[in-house]
*Asks:* 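The structure's right below; bear with me while I get my questions together.
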Amino acid sequence: MRSLSRAIQPLIREALQRAFPEAAGNTRDFKSLFDPSLAPASKPEFGDFQINCALTLAKALKRSPKAIAVAIVDQLNMNAEFLKICDQPEIAGPGFINLTVRADCLMDEFYARLEDPRLGVPLQKGGDIGHEPLVIVDFSSPNIAKEMHVGHLRSTIIGDSIARIFEFRGYHVLRLNHVGDWGTQFGMLITHLKEVAPQALETSAVFDLGDLVAFYRESKKRFDDDTSFQVKSRQEVVKLQSGDQIALKAWTLFCEQSRHEFQKIYDRLDISLTERGESFYNHYLGKVVEDLDASGLLVSDDGAKCVFLEDVVGKDGKPLPVIVQKTDGGFNYATTDLAAIRYRFTSSPKGDGASRVIYVTDSGQANHFMGVFQVASRAGWIPSGTRVEHVPFGLVLGEDGKKLKTRSGETVRLRDLLDEAVARAHSDLCTRLKEEGREEEDAFIQNVANTVGLGAVKYADLSQNRVTNYQFSFDKMLALQGNTAPYLLYALVRISGIARKGGDLSKSMDQCTFSEPQEWNLIRHLLKFDDVILEVEEELLPNRLCSYLFELSQIFNRFYDQLPVLKADQSFRDSRLRLCRLTADTLKLGLKLLGIATLERM
RNA sequence: GGGGCUGUAGCUCAGCUGGAUAGAGCGACGGUUUCCUAAACCGUAGGUCGUGGGUUCGAGUCCCGCCAGCCCCGCCA
């Protein structure tokens with residue numbers, strides 16, 4: 001529909017100009033005053049588009065909205081080019097102009113979609129081939145030596161989907177895993193390691209530390225209980241940061257093992273990431289502080305080096321600081337984030353040369369990013385024409401409305417959460433098979449359970465507007481009806497069923513006949529796919545894509561329920577098969593962009 | 001105390017640049033299967049969009065006040 005609305009837009013502008021030549025001539029800002037304000041129709045019965053500007057113009061032109069609408073419509077009716085696209089416009093309500101796209105025009109779009117693997121979504125146009133604009137998506141970001149838990153779920157899933165959409169649009173995308181690999185926690189880990197498994201640091205072979213989480217817990221306990229252990233730990237941090245070989249060896253060991261564990265989760269979720277942890281920016285931290293100082297932004301306060309924020313005041317009415325160097329001389333996460341922003345926007349080879357940098361983290365970090373972005377901007381590290389955005393999301397809550405915890409009150413491990421989703425999908429499927437008297441092979445059952453379980457977790461998260469907290473419920477996400485992954489997957493399975501039962505979906509054909517409203521509803525919805533993708537790219541809200549796909553499934557199910565495909569008369573049968581094909585293609589691509597795998601049977 | 005986010009049907013949530021009678025899903029109630037997977041479809045009931053002002057031809061949407069909940073607030077990330 002995007003191409004149609006773009007074609008119509010200038011025609012309306014022309015009509016406005018001809019309808020009100022005196023105003024057009026006198027008005028300096030013709031463009032803003034005569035914005036056609038073309039919008040998708042708010043309801044199906046209003047057609048495909050609506051022009052809302054007659055109401056807005058009433059005051060400026062000192063005429064009634066209806067009279068203005070009539071004048072616009074008269075002009076449109078005289079324009080042959082416009083009438084090639086739309087039926088005669090209708091005026092409704094206080095002065096809305098409703099446009100309905102001609103059936104033959106919709107059909108042309110429909111045929112074009114059938115042949116277009118991109119389903120109408122344009123490639124972005126910036127840069128030459130091989131030098132497309134770079135979009136950095138910073139997401140997931142677990143901490144080394146800790147396990148991925150439910151807190152990493154949303155960032156990982158939402159970030160991946162956003163990255164997929166940019167990739168599909170033809171951007172060069174860098175999916176960065178900004179892992180926590182340089183915190184003070186390494187002091188205690190290394191100290192503990194030296195005591196319990198010194199041999200790990202002496203051999204050159206890979207040493208298996210076993211359960212890293214348990215190891216972390218033991219270290220933490222000792223750190224909390226034993227003051228001499230604390231002293232040693234602090235010394236280890238200093239050693240590590242000054243490049244001590246043994247400390248580095250230990251650090252590498254921890255990182256590698258963690259990496260291995262993270263990768264298992266990413267493989268399961270089919271998510272790819274490039275690891276570039278905090279340690280990567282170490283060499284740049286000193287320079288960040290130096291340059292902030294040189295540009296006059298840096299202020300020493302109680303021994304800490306800070307940049308005071310503009311327009312953000314604290315309790316005492318004084319501006320809030322962003323601390324970039326602690327009293328003890330150490331750097332902190334604001335320093336790292338500043339170094340990262342700077343590196344990411346600096347052009348190659350000294351940096352990434354990004355045009356857009358997106359941070360997918362929980363909304364609790366909103367203040368932090370606001371401060372960091374402001375400092376980076378004032379330091380001149382965010383080039384004009386680029387964008388840096390925090391994409392915040394809410395907490396994952398349990399069904400009691402409180403932060404999700406296990407029954408014993410512990411953080412939910414991501415691994416366990418995924419296992420449970422798959423296990424539940426598995427048992428649901430087995431129950432169903434029994435009820436229906438179906439026999440299926442184990443591999444089939446495993447695959448369906450896995451796809452449905454993981455898809456359900458992802459979809460449940462993505463289908464919610466990310467800014468609000470999100471109530472996690474296995475029962476709801478795995479439900480067979482409603483706005484869930486299984487519902488969407490099932491629509492696709494129905495189409496595969498038609499193909500299996502003898503419907504040739506691949507046949508090319510440019511003479512379709514449609515007569516039923518269920519068919520036209522489906523066609524109209526299918527043609528909106530391109531608009532939705534571009535909207536998600538702009539707003540970074542994958543839930544819009546989910547809503548679209550859910551509606552598509554609903555409309556398809558209505559069509560499927562009310563009209564026969566295989567048993568229809570030949571002329572309708574082939575047309576309906578084409579419609580099924582485009583529906584399947586759209587669902588598949590949409591789900592792929594959400595990172596959700598699909599099934600032929602379930 | 002300051003800042004951010006949120007408040008829409010019994011529950012979980014949509015609601016795009018302000019537009020026509022505020023939408024889904026679940027749950028409730030009623031119906032549909034000689035037919036491509038009924039994991040579906042159709043129908044009924046359910047609303048003072050937290051609250052009070054303001055801007056506007058028009059406000060769930062924008063602005064201000066208030067109430068409630070969650071999160072953050074100088075040397076953790």
Side-chain angles (χ1 to χ4, degrees), chain A residues 35 37 39-40 42-43 46 50 52 55-56 58-59 64-65 92-96 98 141 143 178 180 182-185 278 301-306 312-317 320-328 330-334 336-337 361-368 370 392 394-395 397 399 401-403 428-429 432 436 438 452 463-465 467-471 473 475-476 479-484 486-487 489-491 493-503 531-532 535 538-539 541 543-544 546-547 550-551 554 557-558 560-562 564-568 580 601-602:
Chain A
D35 177 0
S37 61
S42 57
K43 286 189 177 181
F46 299 149
Q50 57 187 66
N52 296 332
L55 299 114
T56 322
K59 199 167 222 179
S64 80
F96 299 101
N98 291 335
S141 310
N143 284 321
H178 190 78
W182 205 248
T184 43
Q185 77 269 24
E278 294 167 358
D301 192 68
D302 280 345
K305 304 249 172 75
C306 316
V312 186
V313 291
K315 34 191 143 184
D316 46 8
L320 278 178
V322 169
I323 295 176
V324 295
Q325 189 163 20
K326 302 186 280 185
T327 310
D328 65 7
F331 304 111
N332 62 8
Y333 70 122
T336 307
D337 279 339
T361 81
D362 67 279
S363 42
Q365 297 191 48
N367 288 344
H368 164 69
M370 198 239 300
L395 302 170
L397 308 178
E399 291 186 69
K402 290 179 187 160
K403 209 168 167 176
D428 285 354
L429 177 62
R432 185 163 304 283
E436 295 174 1
R438 280 166 64 192
V452 169
S463 60
Q464 193 110 157
N465 186 321
V467 301
T468 50
N469 288 349
Y470 144 58
Q471 197 160 12
S473 161
D475 289 335
K476 279 183 184 149
L480 312 163
Q481 55 274 97
N483 188 5
T484 64
Y487 181 87
L489 292 173
Y490 179 61
V493 162
R494 284 183 138 179
I495 299 172
S496 303
I498 290 174
R500 264 200 312 282
K501 294 275 164 70
D531 294 311
V532 174
E535 186 187 318
E538 183 55 32
E539 310 284 335
L541 289 173
N543 67 303
R544 297 266 165 82
C546 294
S547 299
F550 175 56
E551 281 163 26
Q554 282 184 308
N557 276 332
R558 224 162 277 154
Y560 179 93
D561 191 67
Q562 294 165 11
V565 177
L566 292 176
K567 289 185 178 157
C580 288
R601 295 194 304 127
M602 62 193 278

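To find a chain, count down the sequence lines: A is the first, B the second, and so on, and within it residues start at 1.
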*Asks:* B/G74, B/A77, B/A40: which one has an atom nearest the side-chain heavy atoms of A/D301?
*Replies:*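 When the side chain of A/D301 is considered, B/G74 is the closest of B/G74, B/A77, B/A40.
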*Asks:* For RNA chain B, produce a single dot-bracket line, 5' to 3'. Pairs: Watson-Crick or G-U wobble, both distances under 3.5 Å. Symbols: ( ) within strand, [ ] crossing, | other strand, . unpaired.
*Replies:* (((((((..((((.....[...)))).(((((.......))))).....(((((..]....))))))))))))....
*Asks:* When the P atoms of B/C62 and B/A20 are compared, how many Å lie between them, rounded to an integer?
*Replies:*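 Their P atoms lie roughly 16 Å apart.
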*Asks:* Return no unless some side-chain N or O of A/R494 is found under 4.0 Å from OP1 or OP2 of B/A38.
*Replies:*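 Yes, because at least one side-chain N or O of A/R494 sits under 4.0 Å from OP1 or OP2 of B/A38.
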*Asks:* Who are the salt bridge (Lys or Arg N to Asp or Glu O under 4.0 Å) partners of A/D328, not counting sequence neighbours?
*Replies:*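 Salt bridge (Lys or Arg N to Asp or Glu O under 4.0 Å) check on A/D328 returns nothing, list empty.
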*Asks:* So, is A/R558 near the phosphate of B/C42, with a side-chain N or O under 4.0 Å from OP1 or OP2?
*Replies:*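 Yes, because at least one side-chain N or O of A/R558 sits under 4.0 Å from OP1 or OP2 of B/C42.
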*Asks:* Identify whether any heavy atom of A/P321 sits under 4.0 Å from a base atom; if not, whether one sits that close to sugar-phosphate; answer base, sugar-phosphate or nothing.
*Replies:*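 Counting heavy atoms under 4.0 Å across all strands, the contact made by A/P321 includes a base.
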*Asks:* Taking atom C1' in both B/G19 and B/G27, compute the distance separating them and give it to the nearest angstrom.
*Replies:*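 Between the two C1' atoms, the distance is 33 Å.
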*Asks:* Quick one: label A/V467 by what it contacts on the DNA or RNA (base, sugar-phosphate, nothing), any heavy atom closer than 4.0 Å.
*Replies:*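 Sugar-phosphate, no base atom in range.
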*Asks:* For B/A39, does either OP1 or OP2 sit under 4.0 Å from a side-chain N or O belonging to A/Q481?
*Replies:*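 No, no such contact exists.
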*Asks:* Indicate whether OP1 or OP2 belonging to B/C76 is found under 4.0 Å from a side-chain N or O atom of A/K326.
*Replies:*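 The answer is yes; a side-chain N or O of A/K326 sits under 4.0 Å from OP1 or OP2.
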*Asks:* Answer with base, sugar-phosphate or nothing: what part of the nucleic acid does A/L397 contact at a heavy-atom distance below 4.0 Å?
*Replies:*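 Result for A/L397 = nothing.
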*Asks:* Could you measure between the two C1' atoms, the one in B/C63 and the one in B/C71, and give it in whole Å?
*Replies:*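 My reading of the C1' atoms in B/C63 and B/C71 gives 25 Å.
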*Asks:* Taking only the side-chain heavy atoms of A/N367 (C-beta and beyond), determine which of B/U6, B/G3, B/A14 contains the nearest atom.
*Replies:*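 Ranking B/U6, B/G3, B/A14 by closest atom to the A/N367 side chain puts B/G3 first.
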*Asks:* Return no unless some side-chain N or O of A/Y470 is found under 4.0 Å from OP1 or OP2 of B/C5.
*Replies:*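 Indeed not, no polar side-chain atom of A/Y470 lies that close.
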*Asks:* So do A/T327 and A/D302 actually touch side chain to side chain, heavy atoms under 4.5 Å?
*Replies:*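 Sidechains of A/T327 and A/D302: no contact.
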*Asks:* Just the rounded figure in Å: distance from C1' of B/C5 to CG of A/L541.
*Replies:*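 The answer, rounded to whole Å, is 14 Å.
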*Asks:* Contact class for A/S363 vs. all strands (heavy atom < 4.0 Å): base, sugar-phosphate, or nothing?
*Replies:*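 Nothing: the residue A/S363, judged by heavy atoms under 4.0 Å, touches no strand.
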*Asks:* Say you pick atom C1' in B/A14 and the same atom in B/G60; how far apart are they, in whole Å?
*Replies:*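 It works out to 12 Å between them.
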*Asks:* How would you label the contact of A/A58 with the nucleic acid (heavy atoms, under 4.0 Å): base, sugar-phosphate, or nothing?
*Replies:*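 It contacts nothing in the nucleic acid.
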*Asks:* Please determine whether a side-chain nitrogen or oxygen atom of A/R432 lies at a distance below 4.0 Å from atom OP1 or OP2 of B/A39.
*Replies:*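 Yes, within the criterion.
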*Asks:* At 4.0 Å (heavy atoms only), tell me whether A/G180 reaches a base, stays on the sugar-phosphate, or touches nothing.
*Replies:*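 Nothing, no nucleic acid heavy atom in range.
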*Asks:* Using whole Å, report how far CD of A/Q325 lies from P of B/C76.
*Replies:*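 After rounding, the reported distance stands at 13 Å.
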*Asks:* Please determine if a side-chain N or O atom of A/N543 lies less than 4.0 Å away from the OP1 or OP2 oxygen of B/G15.
*Replies:*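 For B/G15, OP1/OP2 do have a side-chain N/O of A/N543 under 4.0 Å.
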*Asks:* Which atom pair, heavy atoms only, marks the closest approach of A/F331 to A/V324?
*Replies:*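 So the minimum-distance heavy-atom pair works out to CD2-O, 3.4 Å.
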*Asks:* Can you give one letter per nucleotide of nucleotides 16-24 of chain B, going 5' to 3': B for a protein heavy atom under 4.0 Å from the base, S for sugar-phosphate only, - for none?
*Replies:* BB-BBS-SS
*Asks:* At 4.0 Å (heavy atoms only), tell me whether A/Q562 reaches a base, stays on the sugar-phosphate, or touches nothing.
*Replies:*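 Sugar-phosphate, backbone atoms only, no base.
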